[in-house]
Novice: 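Below: one structure in structure tokens.
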2 protein chains.
Amino acid sequence: MDAIDLNLIELLRGNARLSYAELARQVGLSAPAVHERVGKLESSGVIRAYRAEIEPESIGLGVTALIEIIEESAADTDDVLESFRAIPEIESCYFMAGVESFLLKARVGTIGELEALIVRLNRTPGVASTRTGIALSTKWENRPQPVGTPPA
Amino acid sequence: MDAIDLNLIELLRGNARLSYAELARQVGLSAPAVHERVGKLESSGVIRAYRAEIEPESIGLGVTALIEIIEESAADTDDVLESFRAIPEIESCYFMAGVESFLLKARVGTIGELEALIVRLNRTPGVASTRTGIALSTKWENRPQPVGTPPA
DNA sequence: GGTTCAGGTCGATCGCGTCCACGGACTGTA
DNA sequence: TACAGTCCGTGGACGCGATCGACCTGAACC
């Protein structure tokens with residue numbers, strides 16, 4: 001993981017559909033060299049996926065909510081997690097420090113669907129209570145920050 | 001925006017580097033037809049970007065925090081927003097319903113950097129107070145959910 | 001019925017992806 | 001210093017994909 005790798009990562013974060021030839025021009029290597037480097041970044045797990053970023057409203061997901069979960073004291077965290085994983089509306093799931101064990105980001109089409117989701121979460125075994133905040137608008141999301149120094 | 005467009009969106013959400021030829025095979029059209037459809041999805045803003053998803057730890061961003069912001073009552077929300085936009089560590093920014101005006105997702109390298117970020121946020125004009133939660137682990141993030149029915 | 005238009009296919013061309021053989025720098029060993 | 005092995009790159013070759021233009025088809029509208 002050297003400066004060229006970081007450069008490639010930054011380029012692909014900005015536009016995942018750049019051709020290897022174009023990447024090669026930008027970093028000053030040949031296309032096969034870039035191909036091999038990117039392949040290694042993928043297989044080592046540094047690059048997890050390439051995703052198109054879609055405007056949620058256009059695919060009928062106009063409501064964004066952030067939901068904090070408080071677990072029952074006796075809950076099995078892994079079981080709760082698996083229940084959450086089965087709910088497709090939950091786009092992100094963070095395990096948090098503090099009273100609330102989880103923070104979920106969910107997207108649904110309507111407030112009615114959000115209500116159904118919250119009911120479902122509250123009924124999930126191991127969940128003691130939930131606290132939901134609705135995002136009125138998403139100012140930005142997953143903005144890539146310039147890559148700094150890799151860890152020692 | 002018909003079923004084929006939704007199909008293309010779903011495919012590109014799963015792997016943004018699929019070739020047009022491959023997309024064409026999957027949706028049962030010719031490559032030029034797919035090329036034109038995807039081009040229209042891009043220029044109409046449905047597809048916002050193509051991004052490589054990077055494991056944050058590998059680029060030295062091991063600490064994830066979610067920060068709620070309470071604005072001063074006299075604050076100019078747009079000004080506050082612009083201040084936030086200038087801070088690269090803030091990956092996502094949601095404008096929320098409720099007492100806390102904003103929810104920010106930030107990623108930094110160390111707890112020390114997080115401290116510096118929180119201090120900076122608290123000093124930002126228009127910010128009354130902050131409340132920070134630290135993500136001990138990210139279970140998953142930006143998982144694409146199956147596309148449903150587009151809005152009427 | 002004729003016109004127009006959107007949106008598709010087909011064919012051709014050019015550049016890219018990808019495989020392979022080769023070469024230089026670096027390292028550890030005698 | 002000489003040598004061998006390894007890593008990481010380059011250049012060439014070849015088949016496939018991207019992309020353009022010409023043409024086709026069906027639906028909507030006069």
Side-chain angles (χ1 to χ4, degrees), chain A residues 1-61 142 144 146-152, chain B residues 1-61 142 144 146-152:
Chain A
M1 172 77 77
D2 59 6
I4 292 181
D5 282 340
L6 288 174
N7 204 342
L8 288 172
I9 287 172
E10 193 144 16
L11 289 167
L12 286 171
R13 277 182 132 189
N15 180 5
R17 278 183 82 79
L18 287 176
S19 68
Y20 290 118
E22 181 59 29
L23 291 170
R25 275 189 286 272
Q26 304 252 355
V27 303
L29 287 181
S30 65
V34 168
H35 188 251
E36 186 174 344
R37 278 175 176 264
V38 172
K40 283 180 182 167
L41 288 172
E42 291 168 1
S43 57
S44 69
V46 174
I47 297 178
R48 282 206 284 239
Y50 302 98
R51 300 204 183 286
E53 198 181 293
I54 306 297
E55 194 199 24
E57 291 79 10
S58 64
I59 51 172
L61 298 174
N142 302 121
V147 295
T149 321
Chain B
M1 172 77 76
D2 59 7
I4 292 181
D5 281 341
L6 288 175
N7 202 342
L8 289 172
I9 287 172
E10 193 145 13
L11 289 166
L12 286 170
R13 276 182 133 190
N15 180 4
R17 279 184 80 80
L18 286 176
S19 68
Y20 290 118
E22 182 59 28
L23 291 170
R25 275 188 286 272
Q26 305 251 356
V27 303
L29 287 181
S30 65
V34 168
H35 188 253
E36 185 173 343
R37 276 175 179 263
V38 172
K40 283 181 184 168
L41 289 172
E42 290 169 0
S43 57
S44 70
V46 174
I47 297 178
R48 282 205 284 239
Y50 302 98
R51 300 204 183 287
E53 199 182 290
I54 306 297
E55 194 199 25
E57 290 80 8
S58 64
I59 51 171
L61 297 175
N142 302 123
V147 295
T149 322

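Here is the naming used below: chain letters follow the sequence lines, and residue numbers restart at 1 for every chain. No experiment lies behind these values; they were computed from the predicted model shown.
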Novice: Do B:Leu41 and A:Ile54 come close enough that some side-chain heavy atom pair is under 4.5 Å?
Specialist: no
Novice: Which whole-number value in Å describes the distance from B:Glu36 CD to D:dC20 C1'?
Specialist: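 Checked: the CD to C1' distance equals 12 Å.
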Novice: Would you mind reading off the distance between A:Leu23 atom CG and C:dT18 atom C1', rounded to a whole angstrom?
Specialist: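 About 15 Å, once rounded to whole Å.
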Novice: Rounded to the nearest 0.5 Å, what separation is found between the CG atom of B:Leu18 and the CZ atom of B:Arg13?
Specialist: 14.5 Å
Novice: So, is B:Lys40 close to the C:dA6 phosphate, meaning a side-chain N or O under 4.0 Å from OP1 or OP2?
Specialist: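 Checking C:dA6 against B:Lys40, no side-chain N or O comes under 4.0 Å of OP1 or OP2.
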Novice: When you compare the protein's N or O atoms with those of nucleotides 12-17 of chain C, which come within less than 3.5 Å of each other, and at what distance?
Specialist:
unit_1: C:dG17; atom_1: OP1; unit_2: A:Tyr20; atom_2: N; d: 2.9
unit_1: C:dG17; atom_1: OP2; unit_2: A:Tyr20; atom_2: N; d: 3.3
unit_1: C:dG17; atom_1: OP2; unit_2: A:Ala21; atom_2: N; d: 2.8

Novice: Among the nucleotides C:dC19, D:dC8, C:dG11, which one has an atom lying closest to any side-chain atom of A:Arg37?
Specialist: D:dC8
Novice: For salt bridge (charged side-chain N to carboxylate O under 4.0 Å, His left out), just list the numbers for B:Arg25 and B:Glu22, CA-CA rounded to whole Å, side-chain angles, deciding distance to a tenth of an Å, and then say yes or no.
Specialist: CA-CA 5 Å; B:Arg25 275 188 286 272; B:Glu22 182 59 28; 3.0 Å; yes
Novice: Going by heavy atoms in the side chains, are B:Pro146 and B:Glu10 under 4.5 Å from each other?
Specialist: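 Yes - at least one pair of side-chain heavy atoms lies under 4.5 Å apart.
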Novice: Do B:Val27 and B:Leu11 make a side-chain contact, defined as non-hydrogen atoms from C-beta onward lying under 4.5 Å apart?
Specialist: yes
Novice: Please enumerate all residues that pass side chain to side chain contact (heavy atoms under 4.5 Å, CB included) together with B:Pro56, with sequence neighbours excluded.
Specialist: A:Arg48, B:Leu61, B:Arg107
